[in-house]
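All remarks here apply to the structure that follows.
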Amino acid sequence: QSTTSTQNSGLYDYLLPILKKNTGIQVNVVAVGTGQAIKNAMRCDGDVLLVHAKSAEEKFVAGGYGEYRRDLMYNDFVIIGPKADPANLAGARDVIDAFQRIEQAGAKFASRGDDSGTHKKERSLWQAAAIDTDAGSGQWYLETGSGMGATLNTGVSLSAYVLTDRATWIKFANKQDAAIVFEGNPSLFNQYGVIPVNADRCPNVNREAAETFTQWLLSETGQAAIGAYQVEGKPLFFPNAN
Amino acid sequence: MDALAEAFRLIITLDADLFEILWLSIRVSLSALAISAVIGLPLGTYLAITKFPGRKFCILLLNTLMGMPPVVVGLMVYLLLSRSGPLGWLGLLYTPTAMIIAQAVLITPIIAALSNQVIENLHQEYSDTFYSMGVTGRRAVAAYLVDARYALTTCVLAGFGRAIAEVGAVIIVGGNIDHLTRVMTTAIALETSKGNLTLALGLGAVLLALSLLVNALVIGVREYAAKRQYA
Amino acid sequence: MDALAEAFRLIITLDADLFEILWLSIRVSLSALAISAVIGLPLGTYLAITKFPGRKFCILLLNTLMGMPPVVVGLMVYLLLSRSGPLGWLGLLYTPTAMIIAQAVLITPIIAALSNQVIENLHQEYSDTFYSMGVTGRRAVAAYLVDARYALTTCVLAGFGRAIAEVGAVIIVGGNIDHLTRVMTTAIALETSKGNLTLALGLGAVLLALSLLVNALVIGVREYAAKRQYA
Amino acid sequence: MNTLRSANMPNSLLPIRISDLGLIKGDRAVLGGVNLIIDEPGITVIMGPNGAGKSLLLRSLHGLITPDQGFITLGSLTVADSRNEQAMVFQQPVLLRRTVLQNLAFAAPKIAKTNPQRLIQALESVNLADRAAQPARMLSGGEQQRLSLARALLDEPALLLLDEATASLDPASVLMIESLVKAQSAQGTKVILVSHDQGQARRLADEVVFISAGQVTEQSPADRFFTAPQTPTAKAYLAGEILL
Amino acid sequence: MNTLRSANMPNSLLPIRISDLGLIKGDRAVLGGVNLIIDEPGITVIMGPNGAGKSLLLRSLHGLITPDQGFITLGSLTVADSRNEQAMVFQQPVLLRRTVLQNLAFAAPKIAKTNPQRLIQALESVNLADRAAQPARMLSGGEQQRLSLARALLDEPALLLLDEATASLDPASVLMIESLVKAQSAQGTKVILVSHDQGQARRLADEVVFISAGQVTEQSPADRFFTAPQTPTAKAYLAGEILL
Ligand SMILES: Nc1ncnc2c1ncn2[C@@H]1O[C@H](COP(=O)(O)OP(=O)(O)OP(=O)(O)O)[C@@H](O)[C@H]1O
Ligand SMILES: Nc1ncnc2c1ncn2[C@@H]1O[C@H](COP(=O)(O)OP(=O)(O)OP(=O)(O)O)[C@@H](O)[C@H]1O
Ligand SMILES: [Mg+2]
Ligand SMILES: [Mg+2]
């Protein structure tokens, strides 16, 4: 089980062949929102969980659903919006400021609203910015309740601002007149974790393969491979296994 | 099953959001159905009773379009209505209207193809008599629609079923935006993606209950009319 | 339209992946269709020609189930097949078999409800004669299916259309796993989420071409048979 | 019942008792308390103006209609129990969308298996043998009536109901069918036949039942009916005067 | 054509010329080069055994069948052009799923608007007035035939085609219909009527056309046909002998 953003980023298409070459393991990717991924894993559907929602992941392990959790890699979020940048995010001091500008400018903001890692991240930022979005829900704050890609489609066509992970955005083909308007702020880093599903709870989990896969991801080779993955000349994921 | 429990709690507690969503679902699907029926029924009938070169091909096409993927319909309507699209200036994208259009496009072929079949059967019986009475064109179409009305309700209900259950098209042109274009099916998809499977199922049950109601109404009226007529 | 261009380039260059996906789509949908036809046609016929209390309700139910949201069907099958579900030990989740099951569940009511309508019409004509000849039960059902075969093809094609176009159920129970359970509709959804709208449309066109082929075959056979019979 | 029955073998469905049979359609009593006992074997002809209720009566006997009042017994049996012993030819023949031969085969699957030759003979008996392979619904009106008659005679029923079975036959076919019916009745089959054709009635009837406006107004031996009809309506009917 | 026509007004559809009319079904020639000229007004009766091709001939005249060979002209018109001038009553009446009255109204919408009274009269003329509000398909066999006849007569056609229109009528109705048909023909409508009823043919026919096996074998004035049929087949037909 994995989250959609990594799938859309094309990372797997690049990683899995290498994995197969090194270890001979064939991995099947089921890309769904982080929320669904975790719930599915709790039902033992899936051997390894690769998502980005640290707190939820730790609960998952604490609940005995997963063997252990390791940091795997991180990428970073960016805010995209119309090139015109009506809310002038370019001039924003930090993310908090950026979000406040959006609200003050009365600009539209498209949220995934699907409990995904990205969405959780965004929610925390609104809280930090002390803005109550529920009031504007349906007017300026648009909860698309969809995956990253679908939300980008919506945001772009409504010339709204969207918080997205860089990977998905770079790969995203329907950019129209939207562009990255805010990036590089450390609080936008997005930590991915990897968790083998607990084989004691789920006898049918393929333990060896899961273990090998996880270890390979954390190993020198795996990490190197992740770091080497580039799209349009830019690295998308920064390995940081500990 | 606690899913239903949860779902019905929402109903009993008259959860405002749920009702907003339910109401939008029914509104969108019935509007789309109305449009499709007005177009599809006469079209299907016309194709059943009029001979012209290419007729068989049109019917083949209708049957094929019954297999039009909602996502594709959604995309086409999306491109049509999107800012940069030909009808962008209408600013309909991500409005209920857009969803109605998409669903209408989706189910019109279904209603047309199914009614075509129904009418073709009746035509085998009536054609000689109508020819003899010189009944053609609009009058013939109208007469067929009236005399086949009971069988046609099933075609229409099939269209309704497709519309109310469909998610691929409405989520693309509607965007599943909360309080704006969120309908039952997109809400279900959302809960699913959140992993709230039981709640999703509960909503599904509510949706089914809704269309059960619609079907009961339609079929009830049909039965009543039939009874009264052949007392 | 460069979407088609791209799509047809894939075809002409015999893109292996595309064909794998196409083949899986057709395989899954046709298998589901076969199952549904075997169950749905006799069921619909039986309900059309047999009087018993609750019959009308069954028909109402079938009509309602035509509006069963694919996502909901997907979820139910998912819960059934998930490793911790009752049939988990079969390990069918995220396999083509799971997708076939889900689609079969989805379209059986459609085929049953539509055929029910078709047979009901024929029944008005045959019932007295069959009663007089003492034809009941299996023999009657079989006879009706044979004599209504032309009209029934349309019902079956409607079911096929729903199956081949459906994405909500297969993506849940299949998981859209590349080289394993990815079919045309899930591929289209994926491309859409990547923003490759034109490619998505292109794939849609290919899918439509595919079902055009199937429909042409079926209808062609029907026409040919009808011709031969009433030369 | 596939054993040939013979006249001296008593017919299990006799006597046929119809008591106070009533049927309301809309606000009209289309059958108004019909009382009728048919205990003689042979051929009973039912006559009466259009809309009198002849077909409805036959259909009630056959169990196609459940009356609103009254009841029917055939011998010791109810309508339902006697169903397999009955055969009926309808006023408007309904044939399956199959070939002429398949229509017969479908009506009598056992015979079709055990000796298909019988089917061919049946076709010859209504001389349609040369049409065997033709779609039945493409037959001419008269040919369709003949086929449905052959179908009804296939497995000698104890009771044969004919509703204007020769209405659109040519004179020769009429005589042909009449002789078939006579032969069948000679084998002990009870025949009840609705007809507007007085010639035919004279040729076939052992007994005539006259119905008008949902009531049986007369039941007499054939000769008496034609020489001295008991009711003015019957007299007028035979004379071809308008009845209202 | 809603103006009453009168006998002295020449009928625009005469003469009716049928030349070398051929129709193949499957491998049989069901119409084998029919040549026929009907130039006299009045009533022409077509007789012939079942399956001879009578209905097919009528249907070709009405334009329901496009022959495989030969052609038909009515006066100066083709079949297609004369369609609105024709009316036909089919061997098996087809009525809409509506009330008796609505069936008439549908057949003649103009009349239904301008003077609905005409419709009631039409119903009375076949005495079905008291059935006006009843679903047409619930009518008895004979009542249905009468209704479809009333429907055909509604807007006086120049050519009236009747295919065994009185087959299942009671004697009174038969005479009633016959008088209607006579009246219509007296008003200049050309009537072509298929019947197996020799009594009827004798009563109505000015001219008889005899068809057998897809061929016109005789066309004679009525009296001559019945007194001295020209062909053995016709003789045998009238005598009711089996024709093969
Ligand atoms: N289902 C029905 N609903 C209403 N009226 C009906 C129904 N069936 C028959 N009737 C009426 O009942 C009367 C008797 O019908 P029936 O068919 O028995 O007449 P019949 O004696 O057979 O006449 P015919 O000689 O024309 O066949 C008719 O007036 C007909 O209109
Ligand atoms: N569509 C068809 N396909 C094949 N054969 C046909 C078709 N229509 C008619 N026939 C055959 O053509 C012959 C003439 O048919 P038609 O209906 O004209 O007979 P008819 O003279 O009207 O006989 P009847 O007195 O029984 O009405 C019949 O033998 C019939 O089987
Ligand atoms: Mg009758
Ligand atoms: Mg005929």
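The figures that follow rest on heavy atoms only: side chains count, while hydrogens, waters and symmetry mates do not. The shown structure was predicted, so the numbers you read here are calculated from the model rather than taken from an experiment. Letters A, B, ... mirror the listed sequences (proteins, then strands); counts begin at 1.
For the residue pair E:Ser140 / E:Arg131, no side-chain donor-acceptor distance below 3.5 Å is found, with atom types taken as modelled.
With a threshold of 4.5 angstrom between heavy atoms, E:Leu95 approaches chain B through N, CA, C or O but not through any side-chain atom. Residue contact with chain E, scored on non-hydrogen atoms closer than 4.5 Å, is absent for B:Ala148.
Contacts between residues 95-113 of chain B and chain E, counted as heavy-atom pairs separated by less than 4.5 Å, involve no residue at all. At a heavy-atom cut-off of under 4.5 Å, chain E is reached by no residue from residues 63-76 of chain B.
Between the B:Arg55 side chain and the B:Leu47 main chain, a donor and an acceptor come within less than 3.5 Å of each other. Side-chain atoms of E:Asn127 do not come within 3.5 Å of backbone N or O of E:Leu123 as any donor-acceptor pair.
Cation-pi geometry between E:Arg151 and E:Phe106 is not met: the NZ or CZ atom fails to fall both under 6.0 Å from the ring centre and inside 45° of the normal.
Between B:Thr45 and B:His123 there is no side-chain heavy-atom pair separated by less than 4.5 Å. Within the 4.5 Å cutoff, no side-chain heavy atoms of B:Arg149 are placed close to those of B:Thr153.
Between E:Asp163 and E:Lys54 there is no salt bridge, since none of the side-chain N atoms of the basic residue sits less than 4.0 Å from a carboxylate O of the acidic one. Salt-bridge check for B:Asp128 with E:Arg59: passed, with a basic side-chain N closer than 4.0 Å to an acidic carboxylate O.
One finds the CD1 atom of B:Ile26 at 4.5 Å from the CD1 atom of B:Ile164 (value rounded to the nearest 0.5 Å). Between atom OG1 of residue E:Thr66 and atom CG of residue E:Leu23 there is a gap of 8.0 Å, rounded to the nearest 0.5 Å. To the nearest 0.5 Å, atoms CE (E:Met88) and CG (E:Leu160) are separated by 10.0 Å.
Between chain B and the options E:Ala107, E:Ala87, E:Gly63, heavy-atom pairs under 4.5 Å are most frequent for E:Gly63.
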